Amino acid sequence: LITSYSSQIESWLNRTFASASYTETVNGVGSVGMAFSNYPVTAVSSVAVDGLAIPAATTVTGAGYRFTDKFLFLNSYRFSRGFGNVQITYTAGYATTPPEIKEAVTELVGYVYKSRDRIGHQSKSLAGETVSFIVSEFPANVRTILNNYKKVIPQ
């Protein structure tokens with residue numbers, strides 16, 4: 001169940017937590033900044049715009065690229081407008097899964113296990129009393145944790 005729900009959570013969050021290498025080809029929009037598709041970014045191997053390799057900046061104000069865990073910035077260069085004219089190779093993800101995500105998976109597995117006898121039921125009547133069940137993809141406490149990690153995809 002842990003493996004299954006871990007995958008379900010990653011799918012719902014639109015992201016992967018394990019550290020991995022990514023090579024992306026994206027459209028330039030004429031700006032000096034760009035958001036990475038995956039994060040947190042821990043290293044950038046290469047950046048090229050219109051086939052021109054952009055070096056890493058050696059100082060904060062030096063020419064080249066700099067990055068944070070979510071954004072890539074260019075000094076003295078631009079992500080010129082074009083379709084698929086920007087190539088970026090980088091490493092992103094966590095060395096270990098954040099403790100809050102582990103807790104969310106544990107809580108979700110417990111919730112599903114506990115509610116296994118009422119799957120598909122919204123309420124149950126017994127001896128004149130009716131008990132209502134929460135019917136939700138995730139319990140509220142799990143959703144609260146996960147919302148802090150959800151990757152929003154612009155429309």
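The analysis underlying the following values was restricted to heavy atoms, covering all of them including side chains, and did not include hydrogens, waters or symmetry mates. These numbers were taken from a predicted model, which means no experiment stands behind them.
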Next item on the list: Quick one: closest heavy-atom pair of Lys102 and Thr97, and the distance?
Entry: CE-O, 3.6 Å

Next item on the list: Taking all heavy atoms of Ala57 and all of Gly62, pick out the closest pair and write down the distance.
Entry: CB-O, 3.5 Å

Checklist line | Pair Leu52-Ile54, side chain to side chain contact (heavy atoms under 4.5 Å, CB included): steps then yes or no | finding: CA-CA 6 Å; Leu52 173 67; Ile54 309 296; 4.3 Å; yes

Next item on the list: Go through the structure and list residues passing side chain to side chain contact (heavy atoms under 4.5 Å, CB included) with Tyr90, not counting sequence neighbours.
Entry: Tyr22, Glu24, Phe36, Ser37, Asn38, Val41, Val44, Ile88, Ala92

Note to self: For a quick test of reading the model, state the closest non-hydrogen atom pair linking Arg15 to Tyr39 and the distance between them.
What the structure shows: NH2-O, 2.7 Å

Margin query: Looking at every heavy atom in both Trp12 and Lys150, which two are closest together, and how far apart are they?
Written below: O-NZ, 2.6 Å

Check: Taking C-beta and beyond as the side chain, do Thr25 and Gln87 meet within less than 4.5 Å on heavy atoms?
Finding: yes

Notebook entry, point to check: Would you say Leu1 and Tyr111 are hydrophobically clustered, going by side-chain heavy atoms of ILVMFWY under 4.5 Å?
Noted result: yes

Check: By side chain to side chain contact (heavy atoms under 4.5 Å, CB included), which residues pair with Val32, not counting sequence neighbours?
Finding: Arg78

Check: Just checking, is any N or O donor in the side chain of Asn141 or Glu107 under 3.5 Å from an acceptor N or O on the other one?
Finding: yes

Margin query: If we ignore hydrogens and angles and just use 3.5 Å, is the side chain of Arg66 paired with the main-chain N or O of Leu74 as donor and acceptor?
Written below: no

Next item on the list: Indicate if Val105 and Ile145 have the same hydrophobic cluster label, given that clusters are the connected sets of ILVMFWY residues with side-chain heavy-atom separations under 4.5 angstrom.
Entry: no

Note to self: Suppose the criterion is ring-ring contact (aromatic ring centres under 6.0 Å, His included): which pairs have a residue in residues 40-84, not counting sequence neighbours?
What the structure shows: none

Next item on the list: List for me each residue that meets side chain to side chain contact (heavy atoms under 4.5 Å, CB included) alongside Thr42, sequence neighbours excluded, and say none if there are none.
Entry: Thr91

Margin query: For Phe17, give me all partners under ring pair (Phe, Tyr, Trp, His ring centres under 6.0 Å), at least two apart in sequence or on another chain.
Written below: Tyr94, Tyr149

Notebook entry, point to check: Going from OH on Tyr5 to CG on Leu108, what distance comes out if it is rounded to the nearest 0.5 angstrom?
Noted result: 6.0 Å

Check: Say you draw a straight line from CD of Glu10 to OG1 of Thr16; how long is it, rounded to the nearest 0.5 Å?
Finding: 5.0 Å

Item checked: side-chain hydrogen bond (donor to acceptor under 3.5 Å, both in side chains) contacts in which one or both residues fall within residues 50-63, not counting sequence neighbours -> Asp50-Ser80, Asp50-Asn85

Check: If you take all heavy atoms of Asn27 and Met34, which pair is closest and at what distance?
Finding: O-CE, 4.0 Å

Next item on the list: Answer with yes or no whether the hydrophobic clustering places Ile2 together with Leu146; edges join I, L, V, M, F, W, Y residues whose side-chain heavy atoms lie under 4.5 Å apart.
Entry: yes

